[in-house]
Number of protein chains: 2
Amino acid sequence: MSQPQSRGPQLARFAALLADETRASFCLALLDGRAWTAGELARLAGVAPSTTSEHLSRLVEGGLLAEERQGRHRYVRLAGPQIAQLIEDLSGHAAPPPAPRTLGAASAGAAMARARTCYDHLAGRLGTAITDALLERGLLQGATGFSLTDAGLVWFRDLGVDLSSARRGRRPMARSCLDWTERRPHLAGVAGAALCRHALDAGWCVRIGSQRALRVSEDGQRALRDLLGVRVADLRDL
Amino acid sequence: MSQPQSRGPQLARFAALLADETRASFCLALLDGRAWTAGELARLAGVAPSTTSEHLSRLVEGGLLAEERQGRHRYVRLAGPQIAQLIEDLSGHAAPPPAPRTLGAASAGAAMARARTCYDHLAGRLGTAITDALLERGLLQGATGFSLTDAGLVWFRDLGVDLSSARRGRRPMARSCLDWTERRPHLAGVAGAALCRHALDAGWCVRIGSQRALRVSEDGQRALRDLLGVRVADLRDL
DNA sequence: CGATCGTTTCGGCCGGGGCCGAAGTGTCCG
DNA sequence: CGGACACTTCGGCCCCGGCCGAAACGATCG
């Protein structure tokens, strides 16, 4: 009747990293996939630089963040896609967010719900619409878990995106990520990241300000309609 | 530059549920997929019944556990496969467990590493070996995320397991679960659960005591060899 | 009914840890 | 070089929350 797994303490200490409001807000901000400086995060969370410094050290040591020192700046980013996935998953299981209090916050929230990045892939109504279209056209199959079909690989190649070279590492080609506004799955993994990168590179989408929210350009609307039959106009607020 | 996501507090409060050593040990114990009484968990963790009661209430309210009252007993179990998945994921990212201190703990740990259940599917070296065999024989494909092939569906049907009826709900047919002893993926999802259930029902595996560890029977060794080419003898301790 | 047992509620103790400001370190720039 | 800046370290404050024991509650069983 012994306790083979003394894993309780390990799990608790790991979860504790995210169990603080300030640290959680750091991680959510870093979900945009970029590297932030300590000072930016401090201002974001409204705490003293000294406090931020200690939090970041804990997160780095715990394996959630990776850091890069440049001169007098300390840049941090999420340690990898698995970490981003984990945080999104947890966030998806947490209680739904409270209703926004100000008009500005509400409209910013609406923009996020329409189209945004989720670490390195597309999310929001745009992300789920694209995923639905890929499924409908047989480019992605979802009956037994997301995976790209042969037609899907061809579709990506025609787009100018070479996925075969992306077989480095253990990251799955396609995986589903639960969207916390839609509560529905959308495409993540290598293919999701490649699609998002292409959408930004090709000018289909542009970032709104410095936020994660996206605006779909004229070009993008045309491309999405022609390639996938997605009509961006339908993504307007409900 | 407002903060559209006031999701930090939500995430922190959710993570806090697992950030306590006692609650974490409860959840890890419940990973065996069964329902435990409050008293059993109290004894397991070595805390007073009153303490346990409060912890369980918080876990239930937070959506991690489901409870069922029967007479003077309070049974709790994980709220669902998604929760089990989440806890396994977190556990997989946490620091590796310390080396066991006693001989008994070491041998129990070895048994767990050899073959065990992970919520409702098979894990340990047995789980990864079966997954490898399914991949090798083209019954499961993993290049673009786990999914069952047509041949795989037939294989399950020949086994007497009807997966097509299991299309209720949103649970994926096949998904990968990271093993925390092997640090390698193994088959989870509906198919993984069905296979585990079949292995137990058909007497391929029997539980060792009341633990999650499994022993493979003579019948099971024969079946695994004939059906998948898995040689259980190779799973002995390194 | 009374005894017992599993669980819950409450009050109180105590430690961990998040917070800040002040002082220190290293970097960049004029 | 000297000042500005980004970050870190340290000391101290304070509160949150995990813990227990005592007592209450409700189900079960003689």
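As the structure is a computational prediction, the values presented were derived from the model and not from experiment.
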statement: Separation of D:dT8 atom C1' from A:Leu59 atom CG, nearest Å, is 16 Å
task: May I ask you to test the B:Ile87-B:Tyr119 pair for a side-chain heavy-atom distance under 4.5 Å?
output: no
query: When you check the phosphate oxygens OP1 and OP2 of D:dC19, does a side-chain N or O of B:Thr51 lie under 4.0 Å from one of them?
result: no
- prompt: What orientation do A:Phe14 and B:His93 show, parallel under 30°, tilted 30 to 60°, or perpendicular over 60°?
  reply: parallel
query: D:dC15 C1' sits how many Å from A:Glu21 CD, rounded?
result: 15 Å
message: Let's see if you can work this out: which of D:dC5, D:dC20, C:dA22 has an atom nearest to the side-chain heavy atoms of B:Glu54?
response: D:dC20
- prompt: Under 3.5 Å, is there a donor-acceptor pair linking the side chains of B:Ser57 and B:Arg74?
  reply: yes
query: Taking for each residue the nucleotide of DNA chain D with the nearest heavy atom, is it B:Gly46 or A:Thr52 whose nucleotide lies nearer the 5' end?
result: A:Thr52
message: Rounding to an integer number of Å, can you tell me how far B:Glu68 CD sits from C:dG6 C1'?
response: 17 Å
message: Counting only side-chain heavy atoms from C-beta out, which of D:dG18, D:dT8, C:dC19 sits nearest to A:His55?
response: C:dC19
- line: Interatomic distance, CE@B:Met112 vs CZ@B:Arg125, rounded to 0.5 Å, equals 12.5 Å
message: Counting only side-chain nitrogens and oxygens, does A:Arg13 get under 4.0 Å of the OP1 or OP2 atom of C:dG16?
response: no
- prompt: Axis-to-axis angle across the helix from C:dC1-D:dG30 to C:dG30-D:dC1, five pairs an end, to 10 degrees?
  reply: 30°
Phosphate contact (C:dT8 OP1 or OP2) by B:Arg69 side-chain N/O below 4.0 Å: yes
- request: Take atom CZ of B:Arg58 and atom P of C:dT9, then tell me their distance rounded to the nearest Å.
  value: 14 Å
- prompt: Counting side-chain heavy atoms from CB outward, which of C:dT8, C:dC20, C:dC28 is closest to A:Arg72?
  reply: C:dC28
query: Is there side-chain contact between A:Leu86 and A:Leu18, with at least one heavy-atom pair below 4.5 Å?
result: no
message: If you go through the side-chain atoms of B:Thr37, does one of them form a donor-acceptor pair with the base of C:dG6 closer than 3.5 Å?
response: no
- request: Grab the CG-P distance between A:Leu41 and D:dA6 for me, whole Å please.
  value: 14 Å
field: Closest-nucleotide ordering on DNA chain D, the 5'-leading residue of B:Ser50 and A:Gly39
entry: A:Gly39
From CG (A:Asp89) to CG (B:Leu90), nearest 0.5 Å: 9.0 Å
statement: Whole-Å distance, A:Phe26 CZ to D:dC7 C1', equals 13 Å
query: Which nucleotide, C:dT8, C:dC20, D:dT9, lies nearest any side-chain atom of A:Val47?
result: C:dC20
query: So does A:His73 get a side-chain nitrogen or oxygen closer than 4.0 Å to the phosphate oxygens (OP1/OP2) of C:dG26?
result: no
message: Base of D:dC7, side chain of A:Arg74 - is there a donor-acceptor contact under 3.5 Å?
response: no
query: Tell me: CZ of A:Arg23 to C1' of C:dC19, nearest whole Å?
result: 12 Å
A:Leu65 side chain near A:Leu56 side chain, heavy-atom distance below 4.5 Å: yes
statement: Taking for A:Gln70 and for A:Ala48 the nucleotide of DNA chain C with the nearest heavy atom, the one nearer the 5' end belongs to A:Ala48
message: Using a heavy-atom cut-off of 4.0 Å across all strands, would you classify B:Thr22 as base, sugar-phosphate, or nothing?
response: sugar-phosphate
- line: Taken to the nearest whole Å, CH2/B:Trp36 to P/C:dG6 is 16 Å
- request: Pick out which of A:Leu214, A:Leu195, A:Leu122 makes a side chain to side chain contact (heavy atoms under 4.5 Å, CB included) with A:Leu200.
  value: A:Leu214
